[in-house]
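Each chain gets a letter, A, B and so on, in the order its sequence line appears, and its residues count up from 1.
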Protein chains: 4
Amino acid sequence: MDSGATGRYQQMMTDEVLWSQAGTEKHRRILDAALEMFADQGYAGTATSEIAKKAGVSEAAIFRHYKTKKDLLIGVVAPVLRVVAPALIADIKGILSRRYPDLRSLVAALVVDRTAFVRRYHRVLRIALQELPFHAEIRAIVDEVFLREIFPPASETIADLQARGEMMPLAPELVMRTIISLTAGFAVHRYFLRLGEPFDEAAERELLIGLITKALGPERAD
Amino acid sequence: MDSGATGRYQQMMTDEVLWSQAGTEKHRRILDAALEMFADQGYAGTATSEIAKKAGVSEAAIFRHYKTKKDLLIGVVAPVLRVVAPALIADIKGILSRRYPDLRSLVAALVVDRTAFVRRYHRVLRIALQELPFHAEIRAIVDEVFLREIFPPASETIADLQARGEMMPLAPELVMRTIISLTAGFAVHRYFLRLGEPFDEAAERELLIGLITKALGPERAD
Amino acid sequence: MDSGATGRYQQMMTDEVLWSQAGTEKHRRILDAALEMFADQGYAGTATSEIAKKAGVSEAAIFRHYKTKKDLLIGVVAPVLRVVAPALIADIKGILSRRYPDLRSLVAALVVDRTAFVRRYHRVLRIALQELPFHAEIRAIVDEVFLREIFPPASETIADLQARGEMMPLAPELVMRTIISLTAGFAVHRYFLRLGEPFDEAAERELLIGLITKALGPERAD
Amino acid sequence: MDSGATGRYQQMMTDEVLWSQAGTEKHRRILDAALEMFADQGYAGTATSEIAKKAGVSEAAIFRHYKTKKDLLIGVVAPVLRVVAPALIADIKGILSRRYPDLRSLVAALVVDRTAFVRRYHRVLRIALQELPFHAEIRAIVDEVFLREIFPPASETIADLQARGEMMPLAPELVMRTIISLTAGFAVHRYFLRLGEPFDEAAERELLIGLITKALGPERAD
DNA sequence: GATGAATGAGGTTTCATTCAT
DNA sequence: GATGAATGAAACCTCATTCAT
């Protein structure tokens, strides 16, 4: 399901690589269990004892690796934000360095890539999103990664597209917010609000691509 | 602060009306305190004792009115969803029953209305959003209100606009998702990610209106 | 066993008066249990669960009254230091305001009083002594009570005795240290190092009185 | 710093000699760390993990040398009590075997010796004192050393002095208690209640000597 | 001989909830 | 109707100790 454009990191970023901090098998199981339970029940709604049970370890084992429950949360969330997000950027650059016949092709490449990312890491992203308002530590990571690693290259690319007349001359922040909003709307619909309906992912993705392209495309003569 | 277009419910839905369940001053203070703390710290992250202290009542007083903590959550969230949302719809109908020179004017009327709504109730909405994944009760209310009270009239209106050639012929779900996504992106940026930057609300709103109009406007000849 | 000179506080300072903070019977039982266990096993060596069990209450009951275990320690120790010690002083003043045929009679009155005090409160005193090095809070109380309420009147009395030629002209600190050291040596021997031997309290007290009198009495011609 | 009268053991009893049980550098570091932490935080208030960290070894290393934490406590405290105290006695005997012009010279020699001892080992003594009530093992050592090695020769010497008319005919236990009480009062003031005041050690020691001499000296004609 | 990982038992504290007054 | 006291259960976390490597 991952198209070739998705980039190399998809294959590499197995959990073993992602959780390179975890030296032991048990440590990895702790992270796996925490990831799943935090995603399902929220951070505050999950007891460390539940995580321990699900991981098949003692509760004390958790606290050997993480001084506090909050440290565990960071331990689960940070790698994805720190390691994966920058890898994404590298891929975006690859995508953008190619030539596209029109904005639509570009958006299509981007969206396919992004939805694959969301599909792969949706549980961690869900946790990060849910806990963002309550944990300054997570906000700090997001701020840092975004401002330092995502915003500058993305701005550059947007400026480039706008210079070529392929995109409306909107502020880069607004462009990014638009793409993120619409993609997130798609993802929320798809992954977080499971309404049990059948979901034709490919078709939906095409519609999303169309919407973004239309919203951001160059102004036509009225 | 609420423009005239905002509709009648704004004036009516003071907290006293909203919390019509609350017969006594104390009851209202409990709901106020719970609203604020749930919004700030999340449901699971807020102790009933904290709510009691902030409300200036005994903990037992809370449990006189609500059998369980979860009941209190519902008591805080449900009125807005049940009372306010339908009132919104009534207003939307009013908005839509008028004639507009073009889609843009319509979207403008809608967006102004919606952002006022978000501004007014953003804390309750935040709670509802945050707790949606964890509480079937809230999901049920949202489902019910949405499916029964919001979706049908909105669909009808969308179909109407599409019939008039003012809007792309997209599925009503997608149209609504698009409006919601972009408005929510705006609101999140505005209310939940306080980055401390100055924020020119009127200008930003114009941009939002432009984006939605462009995304959903009728297909131009290529 | 308390001679008339012992003063009024002995009769008054029952635990009910001492623990006036304790509104409930259970609260008092908590303080009683904590007092006993801290004295027997030390603060760090006593679990709150043990205190709860001995008091016949739930562990949570302890933490309703005292936010932390340390607060409980202070709650046990402070009243004796704050309420009883100053009452002592008042009595000392009474003792000293009388006329005595010689230093020995004065020391006798004092020692009887002091040993009665130690006998009455030896467990709290033991705790205070044991925990003094580890808890700045207790040190602060001792400092305050001593410097503010004990030292000044005692100094005055000592100066008075020295002026009358009844006592060696030593610094008041040293006089007090001598009395306290010898009395404490007596008390430690008597109450804290239970060597199981029979102990003729009255006779020992006489010896103590003699020693103090001799040590502090006026210099004889050599 | 140690005057000549202090005796031979001062030079010998470096920690290396004292902790002759410790074969390795690490073992010695463990004992050093335990000594310091037990003195500062008490036995029950010190975690083995803290000791390990301060010693720069693994926690397991501690348990290689000592089966339990209590064994470590004994390992820290016993040598001083078993090795140093008897050495003291030997010195006392030396001191006492000399002839003194009067009781005061004798007391002076003793006190100088004893305060030097306290200065040298005050941390171990502090631990022993603190933990005495809670550990039968320590009490047993103290009892044994005292009853077997200190009491008999000291009694003999006291009897000797009393026979020579240099000392009041008090029970040897009381004589020893008096000396210990007053010296301990001095030491507590000096080492354990650091009140931050300047402290003229030599002058204070003279006063202590005077007090003991006066308290225990022969009865003058009244 | 030393360690890092692991743990069972238990530490203090908090929680939502009940109940006598 | 309101409260302060009370609590069982469970929260997070720490402890002394063991053991495979």
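The side chain of D:T68 approaches F:dT17 more closely than any other nucleotide in the set E:dG1, F:dT17, F:dT18. The side chain of C:S49 lies closest to E:dG11 when the candidates are E:dT14, F:dT17, E:dG11. Distance from the side chain of D:K69 is smallest to F:dA16 among F:dA16, F:dG4, F:dA2. Of the candidates F:dT3, E:dC15, F:dC12, E:dC15 carries the atom nearest the B:A47 side chain, counting heavy atoms from C-beta on. Closest to the side chain of D:F63, out of E:dT3, E:dT13, F:dT17, is F:dT17. Relative to the side chain of A:S58, the nucleotides E:dG8, E:dT12, E:dA16 differ in distance, and E:dG8 lies closest. Ranking F:dC15, F:dG4, F:dC12 by closeness to the A:E59 side chain, first place goes to F:dC12. Candidate nucleotides E:dA6, E:dA2, F:dA6 were compared by shortest atom distance to the side chain of A:R64, and E:dA6 ranks first. Of the listed nucleotides (F:dA6, F:dT3, E:dT3), F:dT3 has the atom at the smallest distance from the side chain of B:A61.
Between A:R82 and A:E144 there is a salt bridge, since at least one side-chain N of the basic residue sits less than 4.0 Å from a carboxylate O of the acidic one. Salt-bridge formation is not detected for the pair A:E50/A:K54: no Lys NZ or Arg NE/NH1/NH2 atom is positioned less than 4.0 Å from an Asp or Glu carboxylate oxygen.
Atoms NZ (D:K70) and P (F:dC15) sit 19 Å apart, rounded to a whole Å. Residue D:Y66 contributes atom OH, which lies 21 Å from atom P of F:dC15 at whole-angstrom precision.
Take the nearest nucleotide of DNA chain E for A:K26 and for B:G45: the residue whose nucleotide is more 5' is A:K26. Taking for each of C:T48 and B:T46 the nucleotide of DNA chain E with the nearest heavy atom, the 5'-most of the two is the partner of C:T48.
Across all strands shown, the partner of E:dA5 is F:dT18, judged by Watson-Crick or G-U wobble contacts whose two distances both fall under 3.5 Å.
Across all strands shown, A:T24 has heavy atoms under 4.0 Å from sugar-phosphate atoms exclusively, and none from any base.
Here the shortest heavy-atom pairing between D:A34 and D:V76 reads CB-CG2, 3.8 Å. Taking every heavy atom of both residues into account, D:L35 and D:R123 meet most closely at CD2-NH2, 3.6 Å.
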